[in-house]
Structures are given as structure tokens and as C-alpha cells.
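Basis for what follows: all heavy atoms, side chains included, without hydrogens, waters or symmetry-related copies. Throughout, a chain's letter reflects where its sequence line sits, starting with A, and its residues are numbered from 1. What you are looking at is a predicted structure, and each value in this text was computed from that prediction instead of being measured.
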2 protein chains.
Amino acid sequence: MEKETISIYTIAKEAGVSPATVSRVLTGNAKVSEEKKSKVEALIRKYDFRPNALARGLSSVETKMIGLMVSDIRNPFYATMAVECEKAANENGYLLLLCNSLGSNEMEVSYLEKFSGQRVDAIIQIGGKVDELVSDTSYVENINRVANTTPILITGKLDGADCYQVNIDEGQSMELLMQFLIENGHQDIALMGGRDNVKSTLDKRLRYRQMLRKYGISVREEYIVDGSSYDIESGSAAMYRFIREDHPMPSAIIAINDFTAVGIVRALREQGMRIPEDVSVVSFDNTYIAETCMPRLTCVGYDYKLFGKLLIETAIKAIHNEEPPRVQMVKSGLVIRDSCKQLK
Amino acid sequence: MEKETISIYTIAKEAGVSPATVSRVLTGNAKVSEEKKSKVEALIRKYDFRPNALARGLSSVETKMIGLMVSDIRNPFYATMAVECEKAANENGYLLLLCNSLGSNEMEVSYLEKFSGQRVDAIIQIGGKVDELVSDTSYVENINRVANTTPILITGKLDGADCYQVNIDEGQSMELLMQFLIENGHQDIALMGGRDNVKSTLDKRLRYRQMLRKYGISVREEYIVDGSSYDIESGSAAMYRFIREDHPMPSAIIAINDFTAVGIVRALREQGMRIPEDVSVVSFDNTYIAETCMPRLTCVGYDYKLFGKLLIETAIKAIHNEEPPRVQMVKSGLVIRDSCKQLK
DNA sequence: TTGAAAGCGCTAACAG
DNA sequence: CTGTTAGCGCTTTCAA
């Protein structure tokens with residue numbers, strides 16, 4: 001009982017027109033007489049006909065698919081980015097293929113290959129190899145191989161890779177945070193979480209030092225605390241390590257992201273400290289986690305909607321050879337909530 | 001400077017074999033002499049050739065794609081499910097197409113159509129229309145139309161829809177929670193959040209009443225509190241409404257999911273209550289949010305890895321006409337953390 | 001084992 | 001405005 005598959009030929013025959021005409025009404029790329037058009041459209045509705053995207057992609061130039069690879073969608077930062085990208089893609093008639101590399105190098109390469117096998121029109125990568133301070137040359141080779149045929153955009157950097165960048169201005173973000181803290185009377189400020197081999201983290205640390213110098217505050221190396229990762233546990237672990245090492249408690253802690261902040265807050269609480277009464281905690285990203293946390297986190301964040309839109313629109317320009325800028329920056333803004341105490 | 005696209009013909013010509021032979025080594029579906037095989041493989045490596053998935057999907061029976069539609073990937077429940085499904089799909093050689101309907105009916109229908117246009121081999125839907133107590137008949141029609149050609153699996157229910165179900169046993173989950181609370185001496189137990197027109201919520205409420213009766217505790221209608229949605233804000237709002245209405249505070253609150261629990265905990269805290277000293281709060285789902293929350297939430301959860309695997313494997317069986325069971329259940333288990341006080 | 005050839009369903013010249 | 005006709009790149013008979 002094979003259900004006969006219906007195609008533009010089925011429609012064409014029944015409508016008494018050529019398949020090309022059906023195709024024309026489908027794509028809308030050419031004039032078709034009202035009469036034939038409505039006849040065809042009626043048949044399309046009758047059969048609930050949906051053109052085969054594969055065939056379309058095979059014969060036309062575009063597949064109308066954009067591949068998006070993030071490192072882990074469970075992280076609210078990526079989830080938010082993904083949703084905004086998806087919306088923007090849809091609005092522009094593209095379908096977003098969303099994949100998680102889950103911190104595995106092989107997965108990243110594998111998805112790159114899958115994307116190119118699917119002939120996506122463009123690839124966007126957020127997180128993963130593109131976050132590393134020292135770019136993995138073998139990965140760059142992979143990227144460049146596919147960049148040869150498909151535009152690739154990244155949020156991060158990849159030395160020697162032929163791709164477009166849409167970046168967060170980590171420096172500016174740090175500046176906003178530092179300024180805010182200092183203006184509120186904080187002098188003993190720690191920067192907690194993240195790893196030195198991650199570019200965004202390094203950028204933050206550099207600007208952190210720079211801002212301290214600018215305000216004439218001496219840098220205390222023990223106030224720059226490494227985290228093994230960017231999740232809640234590593235935030236908590238970093239805080240505990242700091243406490244164990246018995247340094248004087250800073251008046252404010254800048255967490256490298258919201259997740260880390262949650263871990264820090266938890267560790268602090270478990271040690272009987274109150275936030276922000278005893279210690280202020282602020283962070284980067286302003287994902288919904290910042291709202292969830294107790295107290296709500298003051299942080300610096302981005303306009304995710306705009307970010308996603310910029311990414312997708314840049315991708316589309318690249319697809320159409322309109323040569324968008326190779327590097328673009330998104331601005332950040334401060335969101336003041338309840339996790340920072342005013343000292344003066 | 002058009003980069004010439006390389007195909008099985010390119011490879012075939014250079015290897016001195018027919019395209020069919022190249023196809024054979026690609027698919028591995030037929031014997032090819034070692035000699036030609038290695039020659040072809042060398043060329044594939046040389047050109048970094050990746051067969052066009054569109055062409056393959058067009059000519060063969062399967063596209064090796066499975067579409068997954070969730071309502072919102074930012075919700076950790078869906079994010080966790082999606083990641084586990086993606087892993088399981090990959091392990092079985094399938095590519096997962098992940099989409100968010102974001103609570104919009106049109107989006108659900110639109111993605112259904114996109115999936116069928118992409119000729120995915122199967123469709124999985126978690127959340128959205130499939131959660132509703134009274135199934136939307138027009139949506140069911142849509143589902144059935146595509147189910148005609150593509151197996152559809154859902155987590156939830158859809159009356160009259162021709163699809164496979166893999167469900168959580170909400171009743172059992174509630175039972176675990178109630179039993180735990182009662183054994184710990186709780187009698188005044190509220191059930192907070194969720195809406196009555198959502199099947200899973202209704203199932204929980206039914207079993208909640210049933211369990212109270214079983215233990216000879218009288219049901220207090222004011223202890224069943226509606227929530228407008230399933231996010232943090234509605235949890236908080238529900239709690240505040242309850243407080244405003246000035247009911248006696250229960251000794252334990254069951255939140256309809258982790259997000260709701262976070263909102264409830266926050267509202268309680270803001271009112272100066274301590275958890276679990278003053279009120280115990282437990283919840284459903286056991287997403288990572290339960291670990292994040294302060295205190296860590298005791299809740300009932302599922303084996304997400306198994307859940308994802310079951311979903312994907314069922315889909316694959318359906319694809320291959322192996323007639324998997326139409327309805328399957330996943331079991332839940334209790335995870336005891338710090339948010340429940342032992343009263344006796 | 002291997003090759004030739006016929007599709008898969010659609011788009012895009014090219015004529016008319 | 002419309003039909004004819006090539007492909008797009010792969011798989012899969014069918015013969016050899």
C-alpha cells in the first residue's frame with residue numbers, strides 16, 4: 001500500500017500545465033497567469049503538497065539552511081543565542097540546523113563535515129575551538145577547507161581562519177563592571193573563574209588589570225582566581241579554593257559568567273556569608289540565570305536579539321557575496337539588580 | 001574563480017572506475033575489489049570529498065535526519081532532552097534537526113511542514129500542543145497528514161493522532177514524592193504551579209488527591225495552586241498569590257517543575273522564610289537547576305540518557321517499519337537533596 | 001565484481 | 001507568459 005508520492009509533475013499534469021509552471025508558482029520567481037496560478041495553488045492545497053527541499057537544494061544554488069554549532073545548549077548563554085539566531089533565521093526564510101559539540105574536538109570537526117555534507121548555505125560557530133587563545137592549527141585547516149565553499153562565522157577568534165567574526169567587546173564589558181564597582185566604593189575586587197587559555201577570559205583579565213591601574217588600585221594576584229570550567233560547580237570550587245587559601249575577603253567579586261556566579265554565591269552562602277551585605281557578586285552575560293539567582297545578579301549583558309540578528313544577517317550577506325565586514329562587535333550594557341552593595 | 005565542485009564523477013574518472021563503484025565504496029552496500037576500493041578511498045581523502053547529503057537523500061530512501069521540535073530550549077528540561085536525543089541520534093548515524101516552537105501554534109505547524117519538506121525520516125515532538133489536555137483537532141489533522149508519510153513520536157498525548165508515545169509516568173512520580181513527604185512526617189502538603197489544561201499537570205493533581213486519600217489526609221482545595229506558566233516568574237507569582245490569600249502555610253510544597261520551584265523558593269525567601277527549616281520545597285524533573293538552586297532541590301527525575309535513547313531508538317524502529325510499541329513509559333526516581341525537612 | 005543508465009524532484013536556461 | 005530540456009549528485013536496478 002505504497003502511498004504514491006506527489007511531486008510537481010503530479011500537480012502539473014492535473015492542472016494541465018508544465019512542471020516548470022508549477023515550479024514558478026512555488027518559487028514566485030517568475031510571472032504566471034492568474035488563471036494557471038490559482039489552478040495550481042488549488043491543487044497544491046488539495047494534495048497538501050510540499051516541495052521536496054532536497055531536490056530544491058540540489059538543483060538550485062541555496063539550500064536555505066544555516067548550520068549553528070554551539071558547545072552546549074544547556075548553558076543558558078548558548079540557549080539564548082540559539083533561540084535568537086533561530087528566530088532571525090526563520091524571519092529570513094532560513095532553517096537553522098542546531099548542533100552541540102559538547103566540548104569534543106571530534107564532534108566539532110564531525111559537525112563541520114555534516115554541515116558541509118548537507119550543503120548548508122553558511123555555518124556559525126559559537127563556543128568551542130573558536131574560544132581558544134591559541135588556535136588549533138589542525139582545526140583551522142578544517143575550517144578553511146570548508147570555508148572555501150561555505151561562509152563561516154564565529155563568535156570568538158581563530159587565527160589564520162578565513163571566517164567572519166561577530167564578537168562581544170569583552171574589554172568594554174569589563175570596563176562597565178569595574179567602573180560601576182569602583183564608583184560604588186569597591187576597591188578590593190576579585191575576578192573569579194574562567195581559564196587563561198580562553199581568549200574572552202584573558203581579555204577580561206587584561207582589562208581588569210588595566211582598570212585597576214587606571215584607578216590607582218594595586219593589583220593583587222591572588223584576586224585573580226582560575227576556574228577549571230564555566231559551569232556552576234567550577235564557580236563553587238574556585239570560591240572554596242580561595243577561602244581555603246585564607247586570603248582576605250574582597251568586598252566585591254566579579255564572576256566570569258552567570259553560571260560561575262551561581263557557584264560562587266552558593267559557596268559563600270554555605271560559609272555563612274550574605275550577599276550583598278558581606279560580599280558583592282557581579283557577573284558577565286545576563287542570561288536568565290541572573291534573574292533566577294538569589295539575590296538577582298547585577299551584571300553586564302548583551303542585546304541577544306540584536307546579536308542573533310546580526311549573526312544571521314551577516315551570514316546571509318556572506319551567502320550572497322555582499323561582503324559584510326570581517327569583524328564586528330556587539331556592545332554590552334550594565335543591568336543593575338540586587339547583588340551589589342553600595343559602599344559609599 | 002568558481003571552485004569546481006567535486007562529485008563521485010570526479011573521483012570515478014580519476015580512479016578509472018564508474019561512478020557506481022564510487023557510490024558503492026561510499027555506502028558500503030556492495031562488494032568492491034580491494035584494489036579499486038583503496039584507489040577510490042585515496043582520492044576521497046585527497047579531495048576531502050564529502051558526498052552531497054541532498055542528492056543522497058533524494059535518490060535513496062532515507063535522509064538520515066530526525067526532526068526534533070521542543071517548545072523552548074532555554075528550559076533546562078528540553079535542553080537536557082535535546083542533548084540526549086542528539087547524542088543518541090549521532091550514535092545511530094542520524095542528524096538531529098532541532099527546532100523551538102516557542103509556544104506558538106503557527107510555529108508548530110510550520111516546523112511540521114519544514115520537517116516534512118526536508119524529508120526527515122522521523123519527527124519527535126516534546127512540549128507544545130502535545131501537552132494539552134484537550135487535543136487541538138486541527139493540529140491533530142496536521143499531524144496525521146504528515147504521519148501518513150513520516151513516523152511521529154511525541155512525549156505527551158494527542159487524541160486521535162497517529163503517533164508513537166514515549167511518556168513520563170506522572171502518576172508514579174507524584175507517588176514517589178508524596179510517599180517521601182508523608183514518610184518524613186509532612187501532612188500539610190501543597191501542590192503549586194502548572195495549569196489544569198496541561199495533561200501532565202492534571203495527572204499529577206489527580207494522583208496527588210488520590211495519595212492524600214490513601215493516607216487519610218483530607219484534601220484542601222486551596223493547597224492546589226494554579227500557575228500561569230512553567231517558568232520561574234509564574235512560580236514566584238503563584239507563591240505570592242498564595243501568601244496574599246492568607247492561607248495557613250503548608251509544611252511542604254510540591255512544585256510542578258524545577259523552574260517553578262526556583263520561583264517559589266525565591267518568593268518564600270523574600271518573605272523571610274527559610275528552606276527547608278520553615279517550609280520544605282520539592283519538585284519534578286531534576287534538571288541541573290535542581291543542583292543550582294539554594295538549597296539544592298529534592299526532586300523526582302528521570303534518566304534522561306535513557307529517555308533520549310528510547311525516543312531515538314523507537315523512532316528508528318518506526319522508520320524501518322519494525323513496529324515499536326505505540327506507547328511506552330519511562331520510569332522516574334527520587335533524588336534526595338537538601339530542600340526537605342524531616343519532621344519526624 | 002563492475003558499468004550503463006534510469007531515476008529521485010526540482011530549478012533554470014532557452015526557445016517560443 | 002509558458003513549455004522543453006538539461007542538469008544537480010547520488011543510488012540502484014539490470015546486464016554483462
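With respect to the salt-bridge test (charged N to carboxylate O, under 4.0 angstrom), the residues B:E14 and B:K39 do not qualify.
At the heavy-atom level, B:V22 lies nowhere under 4.0 Å from the strands shown.
Distances from the side chain of A:F49 to the nucleotides C:dC8, D:dT4, C:dC10 place C:dC10 closest. With C:dT2, D:dT2, C:dA12 as the candidates, the nucleotide lying closest to the side chain of A:K36 is D:dT2. Distance from the side chain of B:T5 is smallest to D:dG9 among D:dT2, C:dG9, D:dG9. Among the nucleotides C:dC10, C:dT11, D:dT12, the one closest to the side chain of A:S7 is C:dC10. Listed nucleotides: D:dT11, D:dT12, C:dA12. Nearest to the side chain of B:N29: D:dT12. The side chain of B:S18 lies closest to C:dA4 when the candidates are C:dA4, C:dC10, C:dA13. Candidate nucleotides D:dT4, C:dC10, D:dC10 were compared by shortest atom distance to the side chain of B:S59, and D:dC10 ranks first. Of the listed nucleotides (C:dT2, D:dC8, D:dT12), D:dT12 has the atom at the smallest distance from the side chain of B:S23.
Atom CG in A:L54 sits roughly 22 Å away from atom P in D:dG7 (whole-Å rounding). D:dG7 atom P lies 18 Å from atom CG of B:N52, rounded to whole Å. With rounding to whole Å, A:I8 atom CD1 is found 5 Å from C:dC10 atom P. Atom pair B:R56:CZ and C:dG7:C1' shows a separation of 17 Å (rounding to whole Å applied). To the nearest angstrom, C1' of C:dG9 lies 14 Å from CD of B:Q118. The nearest whole Å value for the distance from the CD1 atom in B:I6 to the C1' atom in D:dC8 is 15 Å. With rounding to whole Å, A:E62 atom CD is found 18 Å from C:dC10 atom P. When the C1' atom of D:dT2 is taken as reference, atom NZ of A:K13 falls 19 Å away, rounded to whole Å.
A:K64 has no side-chain polar atom (N or O) that falls below the 4.0 Å cut-off from OP1 or OP2 of C:dC10. Listed pair B:T21 / C:dG3 meets the phosphate criterion, a side-chain N or O lying under 4.0 Å from OP1 or OP2.
Both A:L58 and A:A30 lie close to DNA chain D; mapped to their nearest nucleotides by heavy-atom distance, the more 5′-ward contact belongs to A:A30. Summary of the strand contacts: B:K37 and B:S60 both lie near DNA chain C, and taking for each the nucleotide with the nearest heavy atom, the more 5' one is attributed to B:K37. Both A:K31 and A:P19 lie close to DNA chain D; mapped to their nearest nucleotides by heavy-atom distance, the more 5′-ward contact belongs to A:K31.
Taking NZ of A:K64 as the start and OH of A:Y94 as the end, the distance is 3.5 Å to the nearest 0.5 Å. Rounded to the nearest 0.5 angstrom, B:K87 NZ and B:C85 SG are separated by 11.0 Å.
Scanning atom types as modelled, no donor and acceptor separated by under 3.5 angstrom connect the side chain of A:Y9 and the base of C:dC8. One can find a donor-acceptor pair under 3.5 Å joining the base of D:dG3 and the side-chain atoms of A:R24.
A donor-acceptor pair is defined here as one N or O able to donate and one able to accept, closer than 3.5 Å; such a pair exists between the side chain of A:T149 and the backbone of A:V146. With hydrogens and angles ignored, the 3.5 Å screen pairs no side-chain donor or acceptor of B:D48 with any backbone N or O of B:I44.
Relative ring orientation between A:F307 and A:Y304 is described as parallel, the plane-to-plane angle staying below 30° on a 0-90° scale split at 30° and 60°.
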